[in-house]
Amino acid sequence: MCGAELHTLPEGVQRVARALQDAAHPHTPVMLDGAARTAQEAADGLGVQLGQIAKSVIFKRKQDGVAVLVVASGDRRVDEKKVSALVGKIGRADADFVKAQTGFAIGGVSPVAHLNAPVTLLDQDLWRFDDVWAAAGHPHGVFQLKPDDLKHLTGAPVADVAQAMQEVSA
């Protein structure tokens, strides 16, 4: 990527592309024809398993109003109690807070290139997969990476922050 391609992409995707390029990440963002606002939409659009979508969930830490980013597998629910035990009490973040803190709209929050650096946690379940896909700053934008790349790009710790899977009895 020489840089000229960036000018045709939405601003958020341009920020993510620059961050990936600066980190010498081998994959650039791609724009899907359909929206990838949810993990299921992204998985369907890419033809991958739901768990391969590295979804970004933003919370607001109650003590200081700092954004807390949890990156988790698309087939897992984030356990707010586990997150709170690691970073302090958290609450839900509304769309205005997410946009102001990250620079991205809900449905396109990337794990990198935030306007304000969040406290970040990576869920250990992402390491079930060789390759995952994350949002690239726009509801149609995604980029491919390995879970270890995610750790390298964010500098975030890996933790158990997903709810336990429910066993289905026959």
Side-chain angles (χ1 to χ4, degrees), residues 12-13 16 19-20 25 27 29-30 32 34-62 66-95 97-99 101-114 117-170:
V13 180
V16 172
L20 295 175
H25 184 70
H27 301 287
V30 296
L32 300 175
R37 285 184 179 87
T38 67
Q40 188 64 64
E41 287 177 345
D44 292 346
L46 292 163
V48 300
Q49 295 178 53
L50 180 59
Q52 287 181 269
I53 303 304
K55 65 182 178 182
S56 295
V57 182
I58 298 285
F59 296 96
K60 184 176 184 178
R61 189 161 57 188
K62 291 185 177 184
V66 168
V68 175
L69 167 65
V70 178
V71 184
S73 287
D75 62 351
R76 301 290 196 260
R77 291 185 59 86
V78 174
D79 187 322
E80 293 181 36
K81 289 180 183 175
K82 289 180 178 180
V83 175
S84 290
L86 295 169
V87 302
K89 289 191 187 265
I90 58 169
R92 295 279 177 182
D94 66 19
F97 177 82
V98 171
K99 181 74 171 171
Q101 293 300 306
T102 69
F104 307 121
I106 291 176
V109 177
S110 174
V112 299
H114 290 228
V119 172
T120 304
L121 297 171
L122 306 175
D123 187 64
Q124 65 188 14
D125 286 337
L126 288 163
W127 273 258
R128 295 176 292 152
F129 303 99
D130 291 332
D131 293 294
V132 295
W133 291 81
H138 185 275
H140 291 257
V142 294
F143 68 98
Q144 185 178 6
L145 68 169
K146 297 188 177 313
D148 284 341
D149 295 335
L150 189 59
K151 186 169 175 35
H152 171 74
L153 289 167
T154 63
V158 177
D160 174 11
V161 291
Q163 292 179 359
M165 292 296 293
Q166 299 296 320
E167 292 294 323
V168 178
S169 56

* Asked: Is Lys82 reaching over with its side chain to a backbone N or O of Ala162, donor-acceptor style, under 3.5 angstrom?
  -> yes

* Structure fact -> In terms of heavy-atom contacts, Lys55 and Arg76 come closest through NZ-O, 2.6 Å

* **Taking every non-hydrogen atom, the tightest pair across Leu32 and Gly45** => CD2-O, 4.4 Å

* To do: Would you check if the side chain of Ser73 reaches a backbone N or O of Gly51 as a donor-acceptor pair within less than 3.5 Å?
  => yes

* Asked: Can you find a pair of side-chain heavy atoms, one from Leu126 and one from Val158, that are under 4.5 Å apart?
  -> no

* To do: For residues Asp130 and Pro147, report the shortest heavy-atom separation together with the two atoms involved.
  => O-CD, 3.4 Å

* In Å, rounded to the nearest 0.5 Å, how long is the span from NE2 of His138 to CZ of Arg37? -> 7.5 Å

* Are Asp149 and His25 close enough that some pair of their side-chain heavy atoms sits under 4.5 Å apart? -> yes

* So do the side chains of Asp123 and Val78 get within less than 4.5 Å of each other, counting heavy atoms only? -> no

* Asked: Is it true that a side-chain atom of His140 and a backbone atom of Ala36 form a donor plus acceptor pair closer than 3.5 Å?
  -> no

* Asked: Do Leu153 and Leu20 come close enough that some side-chain heavy atom pair is under 4.5 Å?
  -> yes

* **Separation between NZ of Lys146 and NE2 of His152, rounded to the nearest 0.5 Å** => 14.5 Å

* To do: Would you give the length of the straight line joining atom CG of Leu69 to atom OG1 of Thr154, rounded to the nearest 0.5 angstrom?
  => 8.0 Å

* Kindly say whether Val87 contributes a backbone atom to a donor-acceptor pair with the side chain of Arg61 at under 3.5 angstrom? => yes

* Structure fact -> Correct closest heavy-atom pair for Ser110 and Gly137 would be CB-N, 3.9 Å

* Quick one: CG on Asp160 to CG on Asp125, what's the gap to the nearest 0.5 Å? -> 7.0 Å

* If you count the non-hydrogen atoms of other residues, nucleotides and ligands that lie under 6.0 Å from CZ in Arg77, is the total more than 12? -> no

* Is the backbone N or O of Val109 less than 3.5 Å from a side-chain atom of Ser56, with the two atoms forming a donor-acceptor pair by type? -> yes

* State, with a plain yes or no, whether a side-chain heavy atom of Val30 is found less than 4.5 Å away from one of Trp133. => yes

* **Flag side-chain contact, heavy atom, 4.5 Å: Ser84 against Phe59** => no

* Asked: Counting distance only, does the side-chain N/O of Gln52 pair as donor-acceptor with the main-chain N or O of Asp131 below 3.5 Å?
  -> yes

* Side chains of Leu121 and Pro157: closer than 4.5 Å at any heavy-atom pair? -> yes

* To do: Would you name the heavy atoms of Ala42 and Ile53 that are closest together and state the gap between them?
  => CB-CD1, 3.7 Å

* **Atom of Phe97, atom of Val66 and distance for their closest heavy-atom approach** => CZ-C, 4.2 Å

* Asked: Under the ring pair (Phe, Tyr, Trp, His ring centres under 6.0 Å) test, which residues partner Phe104, sequence neighbours left out?
  -> His114

* Got Gln101 and Lys60 here, is their nearest side-chain heavy-atom distance under 4.5 Å? -> no

